[in-house]
Number of protein chains: 2
Amino acid sequence: MELPSELETFVVHFGEMGSRWGFNRTVGQMLAVIVFTEEALNADQIAKMLSISRGNVSMGIKELQSWQLIRVHHKPGDRKDYFKPAGTIWELALQVLSERRKREVDPTLSLLRGQLMNEPGEYQFATERVKEIHDLLELFNTWFEDIHRMNPDSLKTLLKLGSGVGKVLDLKERLTTRDKS
Amino acid sequence: MELPSELETFVVHFGEMGSRWGFNRTVGQMLAVIVFTEEALNADQIAKMLSISRGNVSMGIKELQSWQLIRVHHKPGDRKDYFKPAGTIWELALQVLSERRKREVDPTLSLLRGQLMNEPGEYQFATERVKEIHDLLELFNTWFEDIHRMNPDSLKTLLKLGSGVGKVLDLKERLTTRDKS
DNA sequence: TATAATTTTCAGAAATTTCTGAAAATTCAG
DNA sequence: CTGAATTTTCAGAAATTTCTGAAAATTATA
């Protein structure tokens with residue numbers, strides 16, 4: 001199992017990108033070979049394709065599993081673990097977003113929450129900023145949770161509509177605010 | 001200008017977070033002191049508050065400016081540069097998202113685009129994945145661009161609605177598809 | 001249970017990133 | 001212009017992250 005040179009560009013690139021997503025270059029490359037290869041791959045194959053040590057692959061696999069991006073498969077009569085993507089491209093993308101939200105937003109949110117509990121109000125200016133950030137993240141969080149539950153097709157429709165949703169909202173407004181006028 | 005110990009927790013925390021957003025710990029801490037402090041700060045004050053070198057502050061400022069997160073101010077009779085956040089918390093958050101999109105999505109998109117041009121179709125499986133990722137990112141990109149233009153209030157409304165939008169869409173569907181039936 | 005196959009761990013090495021601080025460059029007032 | 005104030009640069013040092021590979025642990029087979 002060689003890394004086809006046609007794929008090399010992608011693998012290298014997704015390595016670079018991976019490091020922006022919260023895991024390191026090698027882990028990004030591992031994800032790339034797993035996603036772009038049709039058959040499931042075992043650890044030795046991955047090590048060989050990327051010219052990295054077996055131990056490194058083991059750690060990378062653990063990382064990708066903690067992100068729930070890959071899944072283990074077994075072949076009859078073979079004791080090795082084989083790995084495949086944990087879903088379609090669409091599902092993987094949502095999963096990356098979801099994990100990043102968890103790692104980037106949640107810890108901040110709980111810190112801010114805690115602080116707003118105590119905060120006796122001495123640093124008024126700072127406290128106001130804390131409140132603003134808190135509300136923003138909370139809003140984002142519930143929105144994302146909500147969105148994440150939608151089935152892919154509705155979600156795609158929604159994305160395609162973009163800010164066009166604004167217009168639909170106006171429409172809804174006109175239709176549902178009889179009580180207000 | 002001392003760093004009030006009440007703020008230390010936040011500054012440290014936003015340092016950690018900063019490194020998840022694409023800049024390093026120190027740059028994250030610099031952003032935090034600038035955002036949480038009411039008066040504009042100069043480079044020496046920032047260096048002192050965070051106990052880092054003057055040179056480091058200079059580099060951090062450049063970074064934060066490249067992200068368009070801070071802005072320089074001047075005081076009459078004072079030649080130093082003073083820095084303030086480049087907008088409200090809401091605007092800063094959008095700006096961070098916007099820059100991240102630019103740095104994480106755009107490069108991948110152009111690589112994929114280029115590849116789909118050439119690609120004579122030898123690695124069918126991989127090519128399909130390339131196409132899927134390409135379409136997904138393209139969809140996300142236009143959606144974000146669209147959304148980014150909305151004024152904060154409409155955007156807030158939209159976020160609050162969350163997947164409730166789905167219901168509104170159904171409503172719209174029923175109201176606008178007379179032509180189809 | 002013994003042993004062969006496989007995976008995981010982790011100490012130290014290698015690579016990368018970040019930081020310092022002195023020197024160079026820039027800016028501005030007189 | 002001159003020179004003091006300020007900012008920027010960047011080589012090397014320090015800190016951090018990632019990687020290797022051999023040993024330990026685990027798992028499955030016979």
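In the text below, chain A, chain B and the rest are named by the order of the sequence lines, each starting its count at 1. In this text the structure is predicted, and so the values were computed from the model without any measurement. Side chains included, hydrogens not; waters and symmetry mates left out as well; all remaining heavy atoms used.
Residue A:H74 contributes atom NE2, which lies 17 Å from atom P of C:dA5 at whole-angstrom precision. At whole-Å resolution of the value, CZ in B:F23 and C1' in D:dT16 are 19 Å apart. Taking atom CG of A:L50 as the reference point, atom C1' of D:dT20 lies 15 Å away to the nearest angstrom. Atom CD1 of B:I46 is separated from atom P of C:dC19 by 14 Å (rounded to the nearest Å). Atom CG in B:L41 sits about 13 Å away from atom P in D:dT7, given to the nearest Å. In this structure, A:M59 atom CE and D:dT17 atom P are separated by 13 Å, rounded to whole Å. The distance from atom NZ of A:K75 to atom P of C:dT6 is 13 Å, rounded to the nearest whole Å. Going from atom CG of B:N42 over to atom P of D:dA5 covers 15 Å, rounded to whole Å.
The listed nucleotides are D:dT9, D:dT18, D:dT16; the one nearest the side chain of B:R25 is D:dT16. You'll find that the side chain of A:I52 is closest to D:dT20, out of D:dT20, C:dT9, D:dC19.
Residue A:R79 places a side-chain atom within donor-acceptor reach of the base of D:dT27, judged by atom type and a 3.5 Å distance cut-off alone.
At the phosphate of D:dC19, OP1 or OP2 sits under 4.0 Å from a side-chain N or O atom of A:N24. Considering only side-chain N and O atoms, A:K62 lies nowhere under 4.0 angstrom from the phosphate OP1 or OP2 of C:dT7. Look at A:R54 and you won't find any side-chain N or O under 4.0 angstrom from OP1 or OP2 of D:dG21.
Remark: B:E128 engages B:Q124 in a side chain to side chain donor-acceptor pair (under 3.5 Å) (not counting sequence neighbours).
Looking at heavy-atom distances under 4.0 Å, B:I61 makes no contact with the nucleic acid at all. Nucleic acid contact class of B:D81 (heavy atoms, under 4.0 Å, all strands): sugar-phosphate only. Residue contacts shown for B:N56 include a base, since a base heavy atom lies under 4.0 Å away.
When atom types are taken as modelled, the side chain of A:E99 and the backbone of A:V96 share no donor-acceptor pair closer than 3.5 angstrom. A donor-acceptor pair is defined here as one N or O able to donate and one able to accept, closer than 3.5 Å; no such pair exists between the side chain of A:Q68 and the backbone of A:Q65.
The aromatic rings of B:W143 and B:F140 lie tilted to each other, with the angle between the two planes from 30° to 60°. Taking the six-membered ring where the residue is Trp, A:F14 and A:F10 present tilted rings, their angle falling between 30° and 60°.
Residues A:D78 and B:S53 both approach DNA chain C. Their nearest nucleotides, taken by heavy-atom distance, put A:D78 toward the 5′ side. Along DNA chain D, the nucleotide nearest A:G55 and the nucleotide nearest B:K80 are compared for position; the residue whose nucleotide lies closer to the 5' end is B:K80.
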